[in-house]
Amino acid sequence: RGSLPGPNEVGASWSPAGRPPSSGQQVANLIPQAGAHRVLTMDRHAGQIKGFFDIPVENMFAAPLFSRHIKENYPDSGNLMIVSPDVGGVVRARAIATRLNCDLAIIDKRRERAGQSEVMNVIGDVEGRDCLMVDDMVDSGGTHCNAANALIKHGARSVGAYVTHGVLSGGAVARHAWAPIQRMTI
């Protein structure tokens with residue numbers, strides 16, 4: 001058995017329920033101990049992460065950069081469809097669709113276990129459209145590849161992706177190479 005951390009050690013804080021802190025909480029404790037006085041994040045995967053910190057945390061959004069890049073690289077915006085690859089990213093995708101005055105589609109998926117997803121429905125008429133998926137993170141790539149296949153199956157003319165954090169673990173790069181995603185911008 002290991003010993004519990006002392007009051008001045010990393011991880012010393014315990015939850016009110018008596019459980020040890022989560023790994024997110026432990027990282028949040030490490031950052032100020034390393035000398036940081038504030039934290040700047042980009043498109044946090046979960047807004048609740050801010051609550052782990054005892055120092056100021058500011059979040060930046062990729063939407064302004066993505067929007068500008070899309071305008072420069074997809075001049076035929078009348079045919080453009082912004083797609084959220086899952087229900088959790090709808091707010092992010094809608095923000096970009098609004099900035100670009102584009103339509104929005106949503107992929108309805110089911111995740112049976114980590115790293116595996118199944119597309120259930122495509123919400124929105126993507127037939128003949130150039131679809132751009134917008135997401136905060138791509139890890140294994142399963143969601144994006146399955147979503148791209150579903151979009152093509154539903155008649156999309158092309159599929160691309162804009163992602164803030166490209167983790168690309170395991171076989172993600174090979175998986176994307178075989179998927180009908182013409183271009184991924186990270």
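Keep in mind it's a predicted model, so treat the numbers as computed, not measured.
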Side chains of [X] and [Y]: does their closest heavy-atom pair fall under 4.5 Å?
X	Y	value
Leu100	Ile82	yes
Ile186	Leu168	yes
Thr185	Val163	no

Considering residues at least two apart in sequence or located in another chain, which fulfil the side chain to side chain donor-acceptor pair (under 3.5 Å) criterion with [X]?
X	answer
Thr164	Asp43
Arg44	Thr41
Thr143	Lys109, Arg111, Ser117

Please determine whether residues [X] and [Y] belong to a single hydrophobic cluster, defined as Ile, Leu, Val, Met, Phe, Trp and Tyr linked transitively by side-chain heavy-atom distances below 4.5 Å.
X	Y	answer
Met81	Val134	no
Phe53	Val27	yes
Val90	Val83	no
Val87	Leu104	yes

For residues 173-182, which side-chain N or O atoms pair as donor and acceptor with protein atoms under 3.5 Å away, sequence neighbours left out?
| from | atom 1 | to | atom 2 | distance (Å) |
| --- | --- | --- | --- | --- |
| Arg175 | NH1 | Ser140 | O | 2.2 |
| His176 | ND1 | Ala172 | O | 2.9 |

My understanding is that only residues two or more places apart in sequence, or in another chain, count here; which of them pass side-chain contact (heavy atoms from CB on, under 4.5 Å) with [X]?
X	answer
Glu58	Arg38, Leu40
Met137	His45, His165, Val167
Thr98	Arg94
Pro32	Ile55

As an exercise, state the distance from CG of Leu151 to CD1 of Ile107, rounded to the nearest 0.5 Å.
4.0 Å
Output, in order, the C-alpha distance, side-chain angles, deciding distance and verdict of side chain to side chain contact (heavy atoms under 4.5 Å, CB included) for Met184 and His144.
CA-CA 10 Å; Met184 179 179 286; His144 284 189; 3.8 Å; yes
In this structure, are over 12 heavy atoms from other groups packed under 6.0 Å from Met60 atom CE?
no
Could you go step by step and tell me if Asn29 and Gln25 meet the side-chain hydrogen bond (donor to acceptor under 3.5 Å, both in side chains) rule?
CA-CA 6 Å; Asn29 291 343; Gln25 178 70 60; 3.1 Å; yes
In residues 121-132, what donor-acceptor pairs under 3.5 Å come from side-chain atoms, sequence neighbours left out?
| from | atom 1 | to | atom 2 | distance (Å) |
| --- | --- | --- | --- | --- |
| Asn121 | ND2 | Asp108 | OD2 | 2.9 |
| Asp125 | OD1 | Glu127 | N | 3.3 |
| Arg129 | NE | Asn79 | O | 3.3 |
| Arg129 | NH1 | Asp103 | OD2 | 3.2 |
| Arg129 | NH2 | Leu80 | O | 2.9 |
| Arg129 | NH2 | Asp103 | OD2 | 3.1 |
| Asp130 | OD1 | Arg157 | NE | 3.0 |
| Asp130 | OD1 | Arg157 | NH2 | 3.4 |
| Asp130 | OD1 | Ser158 | OG | 2.7 |
| Asp130 | OD2 | Asn79 | ND2 | 3.0 |
| Asp130 | OD2 | Arg157 | NH2 | 2.5 |

Those residues that, when tested against Tyr162, pass ring pair (Phe, Tyr, Trp, His ring centres under 6.0 Å) (two or more places apart):
Phe66, His69
In short, ring pair (Phe, Tyr, Trp, His ring centres under 6.0 Å) pairs touching residues 79-109 with sequence neighbours left out are none
Non-neighbouring partners of Asp136 that pass salt bridge (Lys or Arg N to Asp or Glu O under 4.0 Å), sequence neighbours left out
Arg92
Measure across Phe52 and Gly24 and return the closest heavy-atom pair with its distance rounded to 0.1 Å.
CD1-C, 3.6 Å
